[in-house]
Every structure is written in C-alpha cells, then in structure tokens.
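Working notes, structure below.
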Amino acid sequence: MSGPVPSPLYRRIYRWVRAVPRGQVVTYGQVGRAVGATPRIVGFAMGALDRGSDVPWHRVINRLGRISPRGGGEGRQKALLEAEGVAFDGAGRIDLSRFGWAGPNPFD
DNA sequence: TTGTTGACTCTGA
DNA sequence: CTCAGAGCCAACA
C-alpha cells in the first residue's frame, strides 16, 4: 500500500531519526555516521520523505546548528522545533551542545 | 551504461 | 567568525 518502498539504507536512516527524542536535534553527519551513509545521503533521504510520515525530519539540522536552506520550508521547521522547546539565537542557530542528541544510549 | 544532482561536511585562507 | 573549493555517494534521467 502506500507508494514506493524506500531503500534499506533510507529505512535505516528513518528509523534512526525516528529515535530522536522530542526537544532535541541531530546533525546530518551524525545520522550518517550512525547508519553508514554520507551526510548528503541523509539529506537526500529527508527530502524523499512523505508529508505525513512519522519521521521527525525537522529535528535534523546541519553541523552549524542551522536549518539547511531550500525553497521555503525552513520557517516551518523552525516553528516545529520551537514548539518542542528548542531555542534559536539571534542568528537563527541552535546550541548543539545543549539541544544536540548524543544518540541512542551513548554509554552502551 | 554514463552523467547530473543534492535538506552536507571538511579543510584552507 | 566567514567564504570558497573539493570530496562524498545514492538516486534519478
């Protein structure tokens, strides 16, 4: 049902991103390292997501703590993050040392 | 099959 | 801090 099935790598990316807790963010590079993909692939996978997917795509940002620009949609991502309690500074950046998620059980 | 593209990151200046 | 160039690899035509 529901359209084309994404590649195993994409599904691995989606599953990892889905584990990101509410109110926290991760970077493309971080996801890539975790699932064995390059940051570009992660961004590509996010762009391939459907609108009603359960993947918190808005919690994925670049290493600068900023929302990657693309034609309109950054405003919605920023609003979604703010709704979760993520704070932006005057330059529209997020403090990764504070809101960045270290990953699933980093001590394991 | 080849060539182009892209929601990135790294390094050097 | 910012800016520019190179590398990167899967998806798509």
Side-chain angles (χ1 to χ4, degrees):
Chain A
M1 323 213 306
S2 305
V5 178
S7 297
L9 178 58
Y10 274 39
R11 279 198 243 172
R12 196 154 292 121
I13 292 172
Y14 298 150
R15 192 174 81 161
W16 199 93
V17 173
R18 200 180 290 116
V20 179
R22 180 178 173 278
Q24 300 206 253
V25 295
V26 293
T27 67
Y28 296 99
Q30 186 179 351
V31 179
R33 298 278 180 174
V35 303
T38 59
R40 292 234 169 176
I41 303 302
V42 178
F44 215 52
M46 292 296 107
L49 276 173
D50 284 336
R51 224 174 87 172
S53 72
D54 55 340
V55 179
W57 58 270
H58 57 275
R59 294 178 189 148
V60 184
I61 59 179
N62 61 24
R63 75 173 188 97
L64 300 177
R66 288 189 104 175
I67 297 172
S68 296
R70 69 213 190 263
E74 309 123 55
R76 183 171 63 189
Q77 183 168 4
K78 182 172 180 288
L80 287 170
L81 289 173
E82 288 180 326
E84 296 185 349
V86 177
F88 288 77
D89 65 5
R93 288 187 304 204
I94 301 171
D95 186 356
L96 289 175
S97 64
R98 202 181 127 178
F99 295 102
W101 187 46
N105 206 346
F107 297 99
D108 185 35

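What you see is a predicted model, and the numbers here were worked out from it, not measured in a lab. Residue numbers begin at 1 in each chain, while the letters A, B, ... track the order of the sequences.
Nucleic acid contact class of Glu74(A) (heavy atoms, under 4.0 Å, all strands): none.
In this structure, Arg18(A) places its CZ atom where more than 12 heavy-atom neighbours from other residues, nucleotides or ligands lie under 6.0 Å away.
As rounded to whole Å, 12 Å separates atom P of dA11(C) from atom CZ of Arg12(A). Atom CD1 in Ile94(A) sits about 14 Å away from atom C1' in dA7(B), given to the nearest Å. Distance CG (Leu64(A)) to P (dA7(B)): 16 Å, rounded to an integer number of Å. In this structure, the CD1 atom of Ile13(A) is 11 Å from the C1' atom of dC9(C), given to the nearest Å. For the pair Arg11(A) CZ and dA11(C) P, the computed distance is 12 Å after rounding to whole Å. One can place OH of Tyr28(A) at 15 Å from P of dG6(B), the figure rounded to the nearest angstrom. Taking atom OH on Tyr10(A) and atom P on dA11(C), their separation rounds to 5 Å, with Å as the unit.
A distance of 11.5 Å separates CD in Gln24(A) from CG in Leu81(A), rounded to the nearest 0.5 Å.
Checked by atom type and distance alone, the side chain of Asp50(A) never pairs as donor or acceptor with a backbone atom of Gly52(A) at under 3.5 Å. Remark: side-chain polar atoms of Gln30(A) are paired, donor with acceptor, to backbone N or O of Trp101(A) under 3.5 angstrom. A donor-acceptor contact shorter than 3.5 Å is absent between the side chain of Arg11(A) and the backbone of Val5(A).
Considering only the side chain of Arg93(A), dT2(C) comes nearest among dT2(C), dT9(B), dA7(B). Side chain of Leu9(A), nearest nucleotide from dA7(B), dT9(B), dA10(C): dA10(C). Nearest nucleotide to the side chain of Ile41(A), out of dT9(B), dA11(C), dG6(B): dG6(B).
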Can you pull every protein N or O that's under 3.5 Å from an N or O on nucleotides 10-13 of chain B?
residue : atom : partner  : partner atom : Å
dC10(B) : OP2  : Arg63(A) : NE           : 3.3

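If you find the closest nucleotide of DNA chain C to Pro39(A) and to Pro8(A), the one lying nearer the 5' end belongs to Pro39(A). Mapped onto DNA chain B by nearest heavy atom, Phe44(A) and Gly29(A) fall at different nucleotides, with Phe44(A) at the one closer to the 5' end.
Residues Trp16(A) and Val42(A) are not in side-chain contact: their nearest non-hydrogen atoms beyond the backbone lie 4.5 Å or more apart. Put simply, the side chain of Met46(A) does not reach to within 4.5 Å of the side chain of Arg70(A), judged on heavy atoms.
Side-chain N/O atoms of Ser7(A) include one lying less than 4.0 angstrom from OP1 or OP2 on dA11(C).
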